[in-house]
Amino acid sequence: MAKKGIQSVRGFCDILPAEAAIWQRAEKIIRRVLEAYGYREIRLPVLERTELFSRSIGEVTDIVEKEMYTFEDRNGDSVTLRPEGTAGCVRAGIENGLLHNSEPRLWYSGPMFRHERPQKGRLRQFHQVGAEVFGVSAAEMDAEMIVMTARLFRELGLNGLRLQINSLGTPQSRAAHRQELIAYLRDNEDQLDEDARRRLETNPLRIFDSKNPQVQHVMAAAPRLLDNLDEQSAEHFATVRNLLEQAGVYYEVNPALVRGLDYYTRTVFEWVSDDLGAQGTVCAGGRFDGLVEQLGGKATPAIGFALGLERLIALLGQSDKQPVGDAPHAYLVVACDAGAAFDLAERLRDRLPGLRLQVNPGEGGFKGQLKRADRCGARLALILGERELAMHVVTVKDLRSGEEQRQLGYDELEQLLHDIIAEEPAD
């Protein structure tokens with residue numbers, strides 16, 4: 001019997017070259033937009049001390065209770081593959097003195113890990129881009145961050161996303177609302193499912209997230225935090241709304257928009273899509289003014305967001321704005337001395353930054369090389385034989401248009417390739 005091949009771990013997926021072209025385009029645009037608003041990249045480890053997440057996310061959240069990849073290392077220390085990026089960014093800011101007398105704007109990207117049931121829009125290794133601002137409490141910062149995400153989606157060519165916003169108030173106003181909410185839920189406990197009853201005492205705000213229609217019906221009449229905000233939080237939220245309206249960013253106020261993480265305060269927001277099924281949230285963010293102090297730093301206001309790349313890429317795959325891709329511009333068919341072909345290829349790469357040129361590796365006849373050129377997706381086949389070498393020309397065959405092949409001198413060839421490179425979009 002043949003040996004069974006080794007397959008990837010469930011929920012951990014490969015990103016193949018054809019898909020990677022979409023990822024690369026998206027990442028390039030994301031980086032450009034973030035840098036335009038003054039954000040600087042920070043690269044964070046994927047492995048952190050477990051305490052970081054239990055202290056920041058909260059012991060009674062599903063993430064800490066069920067979903068984290070946690071284990072003991074050889075020293076007996078409990079470590080965890082990061083389930084999200086904010087806690088690590090805060091830890092890095094405190095540890096490296098980035099938050100001292102400054103207002104840093106930081107962004108990061110990379111894989112996150114949660115042991116949940118794999119399904120469309122949910123993987124056990126998934127990728128996020130996150131951005132965080134520290135030291136600024138003004139509502140103008142909240143509005144600017146939301147406006148920035150709106151610009152990001154415009155530049156990506158995505159127009160069907162909906163913005164939802166809410167305010168969670170301060171810990172004090174939330175504590176008062178919590179008691180009112182628990183009292184209401186106890187009066188209706190017989191209509192709650194098992195999951196909602198479990199959360200009733202530990203994290204009742206998360207019951208607003210329930211997908212159970214019966215529970216949703218109960219929550220529709222539940223006391224709303226938005227109606228119980230303290231005066232400063234209400235003014236803060238009103239300012240955010242006014243600034244979004246001035247910027248022409250349409251939004252929906254969703255009183256049921258909450259967070260499963262304990263560190264959020266005041267403004268929260270989500271960009272959602274109707275084209276991704278049940279997992280429709282593409283970007284989620286909000287203010288977390290208490291987290292830095294909770295993790296051992298000086299009390300520091302902060303706001304941030306995380307963007308799910310797999311969900312973003314799924315939407316880009318449905319759009320009509322597809323990336324050019326990374327197929328070679330040209331494939332060099334070698335029918336002469338290999339050294340001469342090598343020299344020509346390096347000359348072209350030196351003079352044409354951005355050129356994607358693939359050279360035949362030294363095997364195969366003429367027809368076989370042309371087939372390779374076509375299979376790799378190259379636009380042009382550049383044929384260099386002994387005759388071309390003697391005449392200082394290259395025969396050019398357009399593999400996509402079907403035009404008749406022609407012979408070009410080296411300078412003419414460089415100009416043709418330059419024009420092809422220039423046709424590609426800047427992003």
Side-chain angles (χ1 to χ4, degrees), residues 2-8 12-28 127 157 309-310 313-314 316-389 391-410 412-427:
K3 291 184 179 179
K4 185 178 180 180
I6 299 174
Q7 297 183 328
S8 62
F12 291 71
C13 296
D14 302 306
I15 299 171
L16 303 179
E19 301 170 290
I22 306 178
W23 283 73
Q24 289 164 358
R25 172 181 172 267
E27 289 164 346
K28 186 180 292 187
H127 297 77
L309 285 175
E310 277 83 1
I313 299 305
L316 289 174
Q318 298 171 15
S319 75
D320 57 3
K321 193 173 182 180
Q322 292 292 327
V324 172
D326 54 2
H329 296 111
Y331 186 101
L332 185 55
V333 175
V334 182
C336 64
D337 175 68
F342 185 89
D343 289 343
L344 175 61
E346 291 306 299
R347 166 182 167 152
L348 293 173
R349 292 185 181 113
D350 285 342
R351 300 194 180 194
L352 297 166
L355 174 67
R356 298 189 297 273
L357 173 64
Q358 187 169 328
V359 181
N360 186 73
E363 299 176 350
F366 180 74
K367 289 185 178 180
Q369 291 190 51
L370 285 177
K371 287 182 179 179
R372 286 180 185 171
D374 188 46
R375 282 198 301 267
C376 78
R379 175 169 171 177
L380 302 178
L382 309 180
I383 303 167
L384 186 65
E386 296 294 348
R387 180 180 297 180
E388 284 87 0
L389 201 56
M391 297 171 61
H392 301 286
V393 298
V394 173
T395 299
V396 178
K397 181 179 179 63
D398 194 316
L399 299 171
R400 306 301 155 206
S401 70
E403 293 177 4
E404 288 189 16
Q405 61 186 41
R406 49 187 169 148
Q407 291 187 333
L408 299 178
Y410 295 164
E412 293 175 299
L413 175 62
E414 288 176 17
Q415 185 60 52
L416 172 62
L417 292 172
H418 175 274
D419 293 344
I420 289 174
I421 296 168
E423 290 174 2
E424 295 185 345
D427 57 38

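Sequential numbering from 1 along the given sequence is applied to the chain's residues.
Atom CZ of Phe342 has 12 or fewer neighbouring heavy atoms from other residues, nucleotides or ligands inside a 6.0 Å radius.
Considering CD1 of Ile421 and CG of Leu355, their distance stands at 4.5 Å, rounded to 0.5 Å. In this structure, the separation between NE2 on His418 and CG on Leu416 is 11.5 Å, given to the nearest 0.5 Å.
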Leu413 and Leu348: CA distance, side-chain angles, deciding distance, side-chain contact (heavy atoms from CB on, under 4.5 Å) verdict: CA-CA 9 Å; Leu413 175 62; Leu348 293 173; 4.1 Å; yes
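Nearest heavy-atom pair across Ala330 and Ala378 is C-CB, 4.0 Å. In this structure, Ala327 and Cys376 approach most closely via the heavy-atom pair CB-O, 3.9 Å.
At a threshold of 4.5 Å between non-hydrogen side-chain atoms, the residues Leu408 and Val394 do not count as touching. Under the 4.5 Å side-chain criterion, counting only non-hydrogen atoms from C-beta, Leu352 is not in contact with His329. Within the 4.5 Å cutoff, side-chain heavy atoms of Leu357 are placed close to those of Leu382. Leu380 places none of its side-chain heavy atoms less than 4.5 Å from the side chain of Leu399.
Arg347 meets the salt bridge (Lys or Arg N to Asp or Glu O under 4.0 Å) test with Asp411, Glu414; sequence neighbours excluded. Partners of Gln407 by side-chain contact (heavy atoms from CB on, under 4.5 Å), not counting sequence neighbours, listed by chain and number: Glu388, Met391, Val393, Thr395. The side chain to side chain donor-acceptor pair (under 3.5 Å) test applied to Glu346 returns Arg349, not counting sequence neighbours. With sequence neighbours excluded, the residues satisfying ring pair (Phe, Tyr, Trp, His ring centres under 6.0 Å) with His127 are Trp23. Under the salt bridge (Lys or Arg N to Asp or Glu O under 4.0 Å) criterion, Arg387 pairs with no residue, sequence neighbours left out. Under the side-chain contact (heavy atoms from CB on, under 4.5 Å) criterion, Ser401 pairs with Asp398, Glu403, sequence neighbours left out. Under the side chain to side chain donor-acceptor pair (under 3.5 Å) criterion, Asp419 pairs with Gln415, sequence neighbours left out. With sequence neighbours excluded, no residue forms a salt bridge (Lys or Arg N to Asp or Glu O under 4.0 Å) with Glu404. Take Arg406 and apply the side chain to side chain donor-acceptor pair (under 3.5 Å) test, not counting sequence neighbours, and it matches no residue. Partners of Leu16 by side-chain contact (heavy atoms from CB on, under 4.5 Å), not counting sequence neighbours, listed by chain and number: Asp14, Glu19. For the salt bridge (Lys or Arg N to Asp or Glu O under 4.0 Å) test, residues two or more places apart in sequence or in another chain that qualify with Arg400 are Asp374.
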Would you be so kind as to tabulate the donor-acceptor pairs closer than 3.5 Å made by side chains of residues 331-340, with sequence neighbours excluded?
unit_1 : atom_1 : unit_2 : atom_2 : d
Tyr331 : OH     : Asn360 : OD1    : 2.8
Asp337 : OD2    : Gly339 : N      : 3.1
Asp337 : OD2    : Ala340 : N      : 3.2

